[in-house]
Amino acid sequence: MTALLPPLPGSEPLDRRVGAAFLALTVVLIVPSLVGVFAPYDQQALGDVRDDLASQARQVLATVDAQDHTTERYFSAAIQDVGERARGIHDELVRRTAVTDASSMRDSLAQLADDLSAEADQLSLAYGDDAALAAGRSRVEAIAIELQAFAP
Amino acid sequence: VSRALALTLGVVTALGGFVDIGELVFGAQAGARFGYALLWPVVLGAVSIIVYSEMCGRVAIVTGKPVFAVLRDRLGYSVGFSGMLAAAAVNVLTCTAEVGGVAIVLRLLTGIAYGPLVAAAILVLIVTMSALRFDLLERFFGLLGLLMLTFVASAVALGIDWSALAAGLVPRIPDLPAGGPSPVSFAYFAVGLLAGTVMPYEVQFYSSGNIEESKTTDDLRENALIASIGMSFGAVVTIAIVVVAAQALLPQGITPDALSATVLGPLQAFGQLGLVAALLGALFAVGGASVETSLAGAYAFAQFLGFEWGKEQGIWRVPRFTLSWLAIFGLAALILVTGVDPIEVTEFAVILSVVVLPLTYLPILLAARDRRAMGRYRNNRLEDALGIACFGLILLAAVLAVPLLYLSRMGQA
């Protein structure tokens, strides 16, 4: 394929000092995000996870409340996606270690993430089924309240 | 009449094409966390993108040189190459976020699984880009992107708090409630909103577009009007996204980390019609931005390295250019296949873009001020002052962006 292509007229040797500075800057920008991925959970990080889960639970409640005005496809996809994200959070909570004084909180949050994921999966199939929606809604509301009360 | 029509089409296209996933994500999150308090970064960003779009468009028309040819001229090969590489990386990340956004919106519209929709979205975008001429491509997405005006209508229907809106346009840090988001998060979202409005691919695309459309110095007035009017209206849409989130999501305690939450406002305002219109608007806005980012990346390679380029040339006469934009879509697909969340990619892309931005803006400013290159079309005093002030602002945002990203834990603090 390259034989079919014209040569690159504009390339020149790269100044190594500029290249080294560019690489160094790239490393400085990227390394902190890698540290964050591998660091064990502390109270603060778990507080962020709690806020995230609580917001997702409230999104499910808002979507269920607006059910009459949504399309079935939007309703199912939006709630199913919350379930998938909650499952992702659960898996991450289980995978990563936590500092000693945060491990019980990590376990509780993992359980709540798992519960939210399961409830969202069920609710995503309940479009038009008022009884199932009401039951599922009250269970998600209970999860949201529990998350809200969860002090890091 | 044809000139007036061209101007109107240009303005409308700029309006419809203004919003991308960066504004959808940061705008909705900022509104849901801070209410109306973060409208001023949108205004500052809009002023900056208007000033630099007009300037890069003028430089391209007068000198025939688009952004990355100017960058090489002004910064030299080695520094310029680093800037081109960094811009390419940001373009790939941005394209990844936009394509992921297209697949998410399609999923919300159709209910089909996300994975196959990523492949379908890329395929449809490639076919559309191959089939349509540059001007048609730009207008197709720009005009259909006007459905984003649903957010403006939703803001009005949900009831705008005009005094809060006026206060939000003035730069200040509001009194933040205890236990709520911190000032560091406020600063992070301020930088994010500014960065989302001035993404580097926008000037790269705009500048190259002027050459693609063979504009001449007779079109300089049209260039200035399209940049200023079209993008000002575009900023109004971004402000509406913030306002809708403030009205619909903040009271319910929802911080939208998914596009499905961003459209809850239009759903609340107009029911199913609002929901579908907002989703379609987002689809074409984000789809258009996917096209623009892939082309902007290809323009950058071609213009810097000096090989033949141009969407107007068709796909076979400029093979390296065609392979470049196809490769950007390919890399985006590879990143999305890993299962990464496009919304998180968006946040990184937006924040990293502002770090790269001074390298794109500085050569434009230097070229536009150069009497030898620009002759009587060089910057006047007002343009110079605005250009330097906006560059200073971007430089400040570039320095603060990454520290704020980590200190605020991506806005969670």
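Chain letters run A, B, ... following the sequence lines, proteins first, then strands; residues in each count from 1. Being a predicted model, the structure only gives us computed values, none of them experimental.
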Study note, to complete from the structure: Closest non-hydrogen atoms of B:S78 and A:V18, given as atom of the first, atom of the second and distance, are O-CG1, 3.6 Å
**Study point:** Check: A:Q44 and B:R409 side chains under 4.5 Å, non-hydrogen atoms
**Key:** yes
Review point. Are A:D81 and B:R107 close enough for a salt bridge, meaning some N to O gap below 4.0 Å?
Key: yes
Check your understanding: Does any non-hydrogen side-chain atom of B:Q272 lie less than 4.5 Å from one of A:T70?
Key -> no
Check your understanding: In terms of heavy-atom proximity below 4.5 Å to chain A, should B:V402 be classed as side chain, backbone, both, or neither?
Key -> side chain
Review point. Tell me, side chain or backbone of B:T110 under 4.5 Å from chain A's heavy atoms, or both, or neither?
Key: backbone
**Study point:** 4.5 Å side-chain heavy-atom contact, B:T255 and A:D51
**Key:** no
Using residues 71-78 of chain A as the side-chain source, report each donor-acceptor pair under 3.5 Å to any protein atom, sequence neighbours left out, with the distance given to one decimal.
residue : atom : partner : partner atom : Å
A:T71   : OG1  : A:Y74   : N            : 3.1
A:Y74   : OH   : B:S260  : O            : 2.6
A:S76   : OG   : A:E72   : O            : 3.1
A:S76   : OG   : A:S124  : O            : 3.0

Exercise for review: Identify which part of B:L279 has an atom lying under 4.5 Å from any heavy atom of chain A, answering side chain, backbone, both or neither.
Suggested key: side chain
Practice item. Under 4.5 Å heavy-atom distance to chain A, tell me which part of B:L275 shows up: side chain, backbone, both or neither. Key: side chain
Point to revise | More than 12 heavy atoms from other groups under 6.0 Å of CZ on A:R95 | key: yes
Check your understanding: Distance-only, no hydrogens or angles: does the A:S55 side chain make a donor-acceptor pair with backbone N or O of B:I254 under 3.5 Å?
Key -> no
Study note, to complete from the structure: Whatever's closer than 4.5 Å to a heavy atom in chain B on A:R85 counts as side chain
Review point. Side chain, backbone, both or neither: which part of B:A86 has an atom under 4.5 Å from a heavy atom of chain A?
Key: both
